[in-house]
Amino acid sequence: MSKRKGGKRGLTPRAEDFSAWYNEVVQQAELADYSPVRGSMVIRPWGYGIWENMQRALDDMFKATGHQNAYFPLLIPMSFIEREKEHVEGFKPELAVVTHAGGKELDEPYVVRPTSETIIYAMYAKWVQSYRDLPLLLNQWGNVMRWELRTRLFLRTSEFLWQEGHTAHATAEEAEDEARMILGVYRRFMEEWIAMPPLTGLKSEAEKFAGAVRSYACEALMQDRKALQAGTSHMLGQNFARQFGLTFQNEEGREEYAWNTSWGVSTRLVGGMVMTHGDDVGLVVPPKLAPTQVMVVPIARGDDQAAAVMKKGDEIVEGLRGQGVRAAIDRRLHMSPGAKFFEWERKGVPVRVELGPRDLARGEAVVAVRVNEDGAPRKEAMSDAQVVAGMNDRLDALQARLLEAAIARREAATHRGEVSSVDELGELLDSGAGFVHSGWSGDPDVEARVKDATRATIRVIPGEEFRSASAPARCVGGGSAQMEVVWARAY
RNA sequence: CGGGGCGUAGCGCAGCCCGGUAGCGCGCCUGCUUUGGGAGCAGGAGGUCGCCGGUUCGAAUCCGGCCGCCCCGACCA
């Protein structure tokens, strides 16, 4: 909780208490609020608008790669969840179960979906008979529930919104390609839209999805140097196909089990965005995700001026919209310009245009970009025409600047030298390292021991493009290096 | 589930130790004046003090029980 009075003036600085800062930003930027139900949240219009922009971009990418949307029901028979052994073990502790309905106890309880593999593959089993029915490439947008012990807005709530893709293929190779292709889609989305550059790669056995053969993941580094698992893509093998009888006849007429993948990203991405770009003033929303990219703040003395300024402001907004910019004008008259400046900065609007009588007289407006290059002026006066004509470039430049800054932070917090002891890993993490590369023997006991000692886990066995130039020879916690891994403390 | 903290106006809090008709700041409403970095003045609305029980002439305050929320650790998108 903030010790600051009034709840409106200033945030706890990130350096003082990152966790408190995060909670304050989320609430003061009006992204979300606590709901009356423990562990769940209300997503407010500003936060939901950001999510909608994420959805639209991802949905386009899924469609472009051959997927279609469908919707499967919220309630899943308990017996379905219990079908796949690792899957039950993974999810049982966090299931919410419906035992009564219509005033009667149900014969078989339903679980509120924690994920939909079981119901979806049960349905696929009905729909797929022949290799000609494959691949089946569906996605669904929906909500899921996992009864979490400890929750945080966006990062971990009992109910959250996400998309889950589920595919069925005739061969293992094809399923493997799909899982990797989607990982690439996620990576591209995170870089291009959220300006949040993740590491991608494979999960260790201990960290993989319950029921998967292999899990791939995007891991992003937050400003407090903790990793956030931002998206996962799973190669499910034939595990679910076997349990749900998802079979097809191949070209030779033999019956085979299909190969599946599943993959998802959630509203957690909004939390990732907050922790990647936010500053001590408040939220910073990358232009491509901002529900409003440009907010015009009129400044006026008296009714006549107000009318003139509003008229000019409307013209600028129209001009911007004509350029495809999401622009709006803040017409509230009871609020002082200064108060509006603070409010829109707190909410992370990428660009503010200030328009007062002085500007009007000169045919100008003042442009203030939310995040500037070091040393660059905070505000710039320019002609109305320049405000409009230059806006897309200005937004693109900000988007690029945010990505560059995030990459620079990630690289600065990445340790790639040799690390040979558990103590050394702990010291590195304590002294400001985020991602630490090292060798690993592949022994899960080592991973567990390191976790106990340092609270760090293997976030990812990095894909080719994220591996060190020369593979680390030494292992944290002993053994001979079979592969390179990336350690971090994680959300 | 373990540890810590907190429940008093929409929000943030004081009052509680030492019982006596509930207060402050912000916000909100009305009016006037204001507006280039969180406006000013005046007037006003708003509370079963988390719930149940006990002690007492009298409980926000003391005692007992319950409930809820937040934060920190073990599991997780």
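In what follows, every chain begins at residue 1, and chains take the letters A, B, ... in the order their sequences are listed. Computed from a predicted model, the values in this text were never measured in an experiment.
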So which nucleotide from B:rC70, B:rG38, B:rC72 ends up closest to the side chain of A:F342? B:rG38
At under 4.0 Å between heavy atoms, what does A:N23 touch on the DNA or RNA strands: base, sugar-phosphate, or nothing? sugar-phosphate
Which listed nucleotide (B:rG37, B:rC72, B:rG38) is nearest to the side chain of A:R346? B:rG38
For A:L153 and B:rA77, give me the distance from atom CG to atom C1', rounded to whole Å. 15 Å
Determine, using ring centers only, whether A:H166 and A:F72 are less than 6.0 Å apart. no
Picking from B:rC75, B:rA77, B:rG37, which would you name as closest to the side chain of A:F160? B:rA77
Is the ring pair A:Y124/A:Y121 parallel, tilted or perpendicular, if the boundaries are 30 and 60 degrees? perpendicular
Rounded off to whole Å, could you give me the CG-to-P distance for the A:L155 and B:rC75 pair? 18 Å
Please state whether the phosphate of B:rC72, meaning OP1 or OP2, lies under 4.0 angstrom from any side-chain nitrogen or oxygen of A:R150. yes
Grab the CG-P distance between A:D17 and B:rG4 for me, whole Å please. 20 Å
Considering only heavy side-chain atoms of A:R301, the closest of B:rG37, B:rU34, B:rA77 is B:rU34
A:A339 side chain: which of B:rU34, B:rA39, B:rC71 is closest? B:rA39
For A:K92, which contact category applies under a 4.0 Å heavy-atom criterion: base, sugar-phosphate, or nothing? nothing
